[in-house]
Student: 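First the structure, which I've put down as structure tokens, then a few questions once you've had a look.
Whatever order the structure lists them in is the order used to number ligands and atoms, beginning at 1. Residue numbers start at 1 and run along the sequence shown. Please read all numbers here as calculations on a predicted model, not as lab measurements.
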Amino acid sequence: MDERWQRPRGTQDILPDDAARVEYLRRLVSSVAQLYGYGRIETPVFEQTAVFVDGVGDGTDIVQHERYSFVDAGGVALTLRPEGTAAVARAYVENGLSAWPKPVRLYYWAPMFRRERPQKGRYRQHQQYGFELYGSPEPSADAEVLLVARRLLAGVGLVPQVLVNSLGCEVCRPGYRAALVAYFEKHGPDLCEDCQRRAAANPLRVLDCKQDRTIAQGAPDIADFWCVACRAHQDAVMALVADQGLSVVREPSLVRGLDYYYRTVFEVHDSSLGAQSTVLGGGRYDGLTARVGGAPVPAVGFAGGVERLLMAAGRRIPGEGVPRAYVAQVGPGREAWRVAELLRDAAIPTEVDLMARSLKAQMKEASRRAAVVVLAGGQEWEAGRVAVRGLRDGRESEVPLGGLADVVRTWLDEGQEGE
Ligand code: HAM
């Protein structure tokens with residue numbers, strides 16, 4: 001096929017069956033948000049570039065290599081949103097949300113753009129759901145967002161094990177960083193090309209490099225550098241969630257790829273996803289509002305990829321299979337149309353032939369597309385009645401037009417219960 005008419009690399013067309021699954025997840029996310037009191041926030045698809053360069057950090061992959069940035073006709077530098085946290089922080093500051101009663105709980109569902117190398121589970125346009133909690137420095141806030149993540153995953157039948165770490169704070173991280181730089185200097189020539197560059201500027205990132213795993217395993221552990229406050233915070237978060245029966249494991253090499261994290265970081269992986277196994281990730285980011293023009297506010301949150309959740313949950317998420325009725329036309333006439341509209345008036349999803357098919361072909365079509373078929377027209381119609389047939393259980397009945405919607409609804413509901 002002519003490349004010009006193909007979708008851009010790393011993007012997707014979502015067809016009705018998957019779109020129905022996506023819609024199911026969207027409803028799941030908003031119902032979990034409601035349970036915990038998170039209000040929906042929507043921010044623009046693009047922001048001024050500084051929001052991400054300063055917010056996420058200009059040493060990060062998403063800012064350095066993966067940005068979709070452009071200068072518009074008015075000379076303004078803009079970037080398609082690669083992640084939601086910095087954008088929400090900008091909106092929090094700009095709209096004065098720090099004046100709201102604390103904590104402020106927000107969630108979003110939005111497309112993100114990263115010019116990454118496409119592969120299974122990694123796209124250049126993907127969708128994320130995210131939860132952000134502002135105003136509380138307490139370990140209980142970290143614990144709450146972890147419980148939100150668990151409830152969400154439970155909604156699609158996943159029982160997560162959460163990997164957790166703490167990246168320390170301005171008191172203890174510099175000491176750790178210096179120890180890491182010294183360690184990687186010793187191993188300099190053995191590191192991969194990327195990490196040789198990263199080792200001095202962003203040594204924490206070397207820890208999660210897949211190629212340098214052996215070297216990273218011998219690196220100093222940040223836990224030996226945590227200050228008293230960071231250790232207490234981490235212990236409290238772990239204890240709070242363990243108390244709620246959530247399985248958490250400390251992972252010393254977990255560092256996350258974004259610069260704004262402070263203390264807690266966490267991820268949930270699913271082995272069924274292959275190389276891109278992170279279902280969701282997040283952490284605490286107390287300094288972020290100060291990077292985007294506001295006063296510092298403690299905050300913690302997480303985000304997950306919708307496509308990855310779909311892949312991990314697979315067929316446990318129902319697709320388009322809404323039970324439907326099909327109205328077949330018996331003989332010439334338009335009775336089927338009338339009946340179909342009557343069923344739709346009663347909120348019953350209903351299809352009717354648009355292909356001028358014979359009755360036999362309509363019945364075949366009905367058995368492919370619907371759970372109940374109604375035959376409209378013919379002699380019964382003259383007597384004010386229509387024939388109804390259950391396509392899965394084979395039952396049949398003849399009912400007056402006035403009672404049809406109730407019968408069809410009951411049969412559809414019963415059919416669903418039986419599945
Ligand atoms: P992130 O780990 O970069 O974190 O992205 C969050 C999630 O989005 C990942 O765990 C993954 O499931 C999904 N994801 C990321 N990139 C792609 C991609 N190219 N294709 C498909 N899915 C992808 C953040 O963005 C932070 N804002 C999370 C956060 C919220 N931290 C605190 N609050």
Student: Between the candidates Glu83, Glu307, Gln128, which shows the shortest non-hydrogen contact distance to atom 5 (O) of ligand 1?
Tutor: Gln128

Student: Tell me which protein heavy atom sits closest to atom 24 (C) of ligand 1, plus the residue, atom name and distance to 0.1 Å.
Tutor: Leu258 CD1, 3.6 Å

Student: Tell me the protein heavy atom at minimum distance from atom 20 (N) of ligand 1, and give that distance in Å.
Tutor: Tyr123 N, 2.9 Å

Student: Note the single closest protein heavy atom to atom 6 (C) of ligand 1, along with its residue, its atom name and the distance in Å.
Tutor: Ala303 O, 3.4 Å

Student: Just which atoms of ligand 1 are under 4.0 Å from any heavy atom in Tyr285?
Tutor: 32 (C), 33 (N)

Student: Report yes if some N/O of Gly304 lies less than 3.5 Å from some N/O of ligand 1; otherwise report no.
Tutor: no

Student: Taking 4.0 angstrom as the limit, do Asp54 and Arg90 come out as a salt bridge?
Tutor: no

Student: Applying side-chain contact (heavy atoms from CB on, under 4.5 Å) between Val408 and each of Val327, Val373, Leu342, Leu343, report the one that passes.
Tutor: Leu343

Student: Looking at Gly281, which atoms of ligand 1 are within less than 4.0 Å of one of its heavy atoms?
Tutor: 10 (O), 28 (C), 29 (C)

Student: Quick one: look up the protein heavy atom nearest atom 30 (C) of ligand 1 and list residue, atom name and how far away it is.
Tutor: Thr85 OG1, 2.9 Å

Student: So between Gln127, Met112, Arg114, whose heavy atom ends up nearest atom 15 (C) of ligand 1?
Tutor: Arg114

Student: Given Glu132, Arg256, Glu66, which has its nearest heavy atom closest to atom 4 (O) of ligand 1?
Tutor: Arg256

Student: Looking at Arg250 and Asp221, is any side-chain nitrogen of the basic one under 4.0 Å from a carboxylate oxygen of the acidic one?
Tutor: yes

Student: What's the separation between atom CD1 in Ile62 and atom CZ in Phe113, rounded to the nearest 0.5 Å?
Tutor: 13.5 Å

Student: Check for a donor-acceptor pair, side chain of Tyr183 on one end and backbone N or O of Ile215 on the other, with a separation under 3.5 Å.
Tutor: yes

Student: When you measure from atom 21 (C) of ligand 1 to every protein heavy atom, which one gives the shortest distance, and what is it?
Tutor: Gly121 O, 3.2 Å

Student: Tell me: protein heavy atom nearest atom 31 (N) of ligand 1, and distance?
Tutor: Tyr261 OH, 2.6 Å

Student: Which ligand 1 atoms are under 4.0 Å away from a heavy-atom of Gly305?
Tutor: 7 (C), 8 (O), 11 (C), 12 (O), 13 (C)

Student: Do any N or O atoms from the side chain of Arg316 and from the backbone of Ala312 form a donor-acceptor pair under 3.5 angstrom?
Tutor: yes

Student: For atom 19 (N) of ligand 1, what is the nearest protein heavy atom, given as residue, atom name and distance?
Tutor: Glu116 OE2, 2.6 Å

Student: List the residues meeting salt bridge (Lys or Arg N to Asp or Glu O under 4.0 Å) with Arg151, not counting sequence neighbours, and say none if there are none.
Tutor: none

Student: Counting from 1, what ligand 1 atoms have a heavy atom of Leu280 closer than 4.0 Å?
Tutor: 10 (O)

Student: Ion pair present between Asp413 and Arg409, side-chain N to carboxylate O less than 4.0 angstrom?
Tutor: no

Student: Any nitrogen or oxygen of Gly282, side chain or backbone, less than 3.5 Å from one on ligand 1?
Tutor: no

Student: Where does Arg122 meet ligand 1, judged by heavy-atom distances below 4.0 Å: at the side chain, the backbone, both, or neither?
Tutor: both

Student: Out of Arg115, Arg124, His126, whose heavy atom sits nearest atom 23 (C) of ligand 1?
Tutor: His126

Student: Counting only heavy atoms closer than 4.0 Å, does ligand 1 sit against the backbone of Phe113, its side chain, both, or neither?
Tutor: neither

Student: I'd like to know if Arg256 pairs up with Glu267 as an ion pair, taking the criterion as any Lys NZ or Arg NE/NH1/NH2 lying under 4.0 Å from an Asp or Glu carboxylate oxygen.
Tutor: yes

Student: Taking ring pair (Phe, Tyr, Trp, His ring centres under 6.0 Å) as the cut-off, I'd like each qualifying pair that reaches into residues 217-266, sequence neighbours left out, listed once.
Tutor: Tyr176-Phe225, Tyr260-Tyr285

Student: Does Thr278 approach ligand 1 within less than 4.0 angstrom via side chain, backbone, both or neither, non-hydrogen atoms only?
Tutor: both

Student: Is the shortest side-chain N to carboxylate O distance from Glu341 to Arg344 below 4.0 Å?
Tutor: yes

Student: Do the non-hydrogen side-chain atoms of Val162 and Val241 ever get within less than 4.5 Å of each other?
Tutor: no

Student: Could you find the nearest protein heavy atom to atom 32 (C) of ligand 1 and give me its residue, atom name and distance?
Tutor: Gly301 O, 3.3 Å

Student: Only one of Val93, Val51, Asp259 clears side-chain contact (heavy atoms from CB on, under 4.5 Å) with Arg291; which?
Tutor: Asp259

